[in-house]
Amino acid sequence: MGKRIVIALGGNALGKNAAEQLALVKKTASVVAEQIALGHQVVLTHGNGPQVGMIQLGLSAAAQSGAIAADMPFPECGAMSQGYIGYHLQQSIAAALKARQIERTVATLVTQTLVDRSDPAFLSPTKPVGAFYDEATARRLAQERKITVAEDAGRGWRQVVPSPRPVGIIELPAIRTLLDAGHVVIAVGGGGVPVVKTDDGLQGVDAVIDKDLGGALLADLLDADELVILTAVERAALYYGQPNQQWLDRITVQEALAYAEQGHFAKGSMLPKIYAAAQFAASAPGRRALITSLERAADGIAGKTGTRIEG
Ligand code: ADP
Ligand code: MG
């Protein structure tokens, strides 16, 4: 019996420019095609930090030089990044399937993720995005555009945005319909374009949603059997990078949360993956989450490697 698998792809699988990305996504495509050949349903989601940054920077440089009339707002840049990344994934996954004599449509859905205006994250924006400015320019832009700016690790001043918790996926019914009809779906890219509910309908907000948490919500709402988080390491570890480092093989949700509490996983990198994995594994009986590398993905899904988190 085929499983429904949500795969969340890390930033290192996408490269720094279009040529690099197109070459790199072939690795992901072969992983996805192999799972589909085994009879599984696959939904793919991905990070977009460097890509959305590149789009926003390019357009803000164009605006500063007068080539275009205004800056592109951050949510719009996120939507563009979903299309840019999704397009490459569509092309490569379809090619990898065709090589295995499988004819499937691969479709990307521009996805809006609902966040809560009263999420405490909105009170303390911390994620730096976009161009670097000197302090005076940054403070002027903050006034003009009603954005928050902060100094970023000695490198200059940047806009900072909050990272609220995802609470809903607006296009969920469409994702489910495509999946049920046998199509391969790419959705919730970059965690989704963050939107809030207003009296006039949905409205994009300057924020970033953690793609691992977005993936966990997607997997939960789609009733997936497995959430697979692909990153740069084959397993999560205790005492990571220290002489007494200990790779984790199979852990329970309780163990995962206890290790997180003890500070074993770095904030902003492994910690959100552990939280996302634990959240999904705890959400219903029989659900499993896996953290492994893109290179070891097939073996990981087959149960031979990676860090597996079970309820
Ligand atoms: P992605 O782009 O896939 O989200 P991140 O860089 O955000 O990747 O997170 C993965 C990184 O987390 C790994 O490359 C590793 O350096 C780091 N990391 C931090 N703590 C741990 C840990 N305890 N075990 C394994 N990796 C860890
Ligand atoms: Mg990350």
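Atoms within each ligand, like the ligands themselves, are counted from 1 in listed order. Values reported hereafter were calculated over all heavy atoms of this structure, with side chains retained and with hydrogens, waters and symmetry mates removed.
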Does Arg117 qualify as a cation-pi partner of Phe122, given the criterion of NZ or CZ under 6.0 Å from the six-membered ring centre and within 45 degrees of its axis?
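Yes - Arg117 lies over the ring of Phe122, closer than 6.0 Å to its centre and within 45° of its axis.
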Can Ser118 and Asp116 be counted as having a side-chain donor-acceptor contact under 3.5 angstrom?
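Yes, Asp116 and Ser118 have a side-chain donor paired with an acceptor closer than 3.5 Å.
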Gln159 and Asp206 side chains, donor-acceptor separation under 3.5 Å
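Note: Asp206 and Gln159 side chains meet the donor-acceptor criterion.
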Check for me whether Ala236 has a heavy atom closer than 4.0 Å to any atom of ligand 1.
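Per 4.0 Å heavy-atom rule, Ala236 contacts ligand 1.
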Does ligand 1 have a heavy atom under 4.0 Å from the side chain of Arg235, from its backbone, from both, or from neither?
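Answer for Arg235: backbone.
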Where does Lys273 meet ligand 1, judged by heavy-atom distances below 4.0 Å: at the side chain, the backbone, both, or neither?
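Within the 4.0 Å criterion, Lys273 contacts ligand 1 through side-chain atoms alone.
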Is there a donor-acceptor pair under 3.5 Å between the side chain of Arg4 and the backbone N or O of Leu222?
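Indeed, once roles are kept as given, a pair shorter than 3.5 Å links the two residues.
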Between Glu20 and Lys16 (side chain of the first, backbone of the second, donor and acceptor by atom type, cut-off under 3.5 Å), is there such a pair?
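At least one qualifying donor-acceptor pair exists.
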With respect to Trp247, determine whether any N or O atom, backbone or side chain, lies less than 3.5 Å from an N or O atom of ligand 1.
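No; the residue has no nitrogen or oxygen that sits under 3.5 Å from a nitrogen or oxygen of the ligand.
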Can you figure out which of Gly11, Gly47, Gly268, Ala266 has its heavy atom closest to atom 2 (O) of ligand 1?
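Residue with the shortest heavy-atom distance to the ligand atom: Gly11.
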Less than 4.5 Å apart, side chain to side chain, heavy atoms only: is that true for Glu34 and Arg100?
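Yes. Closest side-chain heavy atoms under 4.5 Å.
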Which pairs, with at least one residue in residues 216-240 and sequence neighbours excluded, count as a ring-ring contact (aromatic ring centres under 6.0 Å, His included)?
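Sorted result for residues 216-240: Tyr239-His264.
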Can you report which non-hydrogen protein atom sits closest to [atom], along with the distance?
{"atom": "atom 5 (P) of ligand 1", "result": "Ser269 CB, 3.9 Å"}
{"atom": "atom 24 (N) of ligand 1", "result": "Ala237 N, 2.9 Å"}
{"atom": "atom 16 (O) of ligand 1", "result": "Tyr240 OH, 3.1 Å"}
{"atom": "atom 8 (O) of ligand 1", "result": "Thr231 OG1, 3.2 Å"}

Ligand-side contact atoms (ligand 1) for residue partner Ala232, heavy atom cut-off under 4.0 Å
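Every atom of ligand 1 under 4.0 Å from some heavy atom of Ala232: 14 (O).
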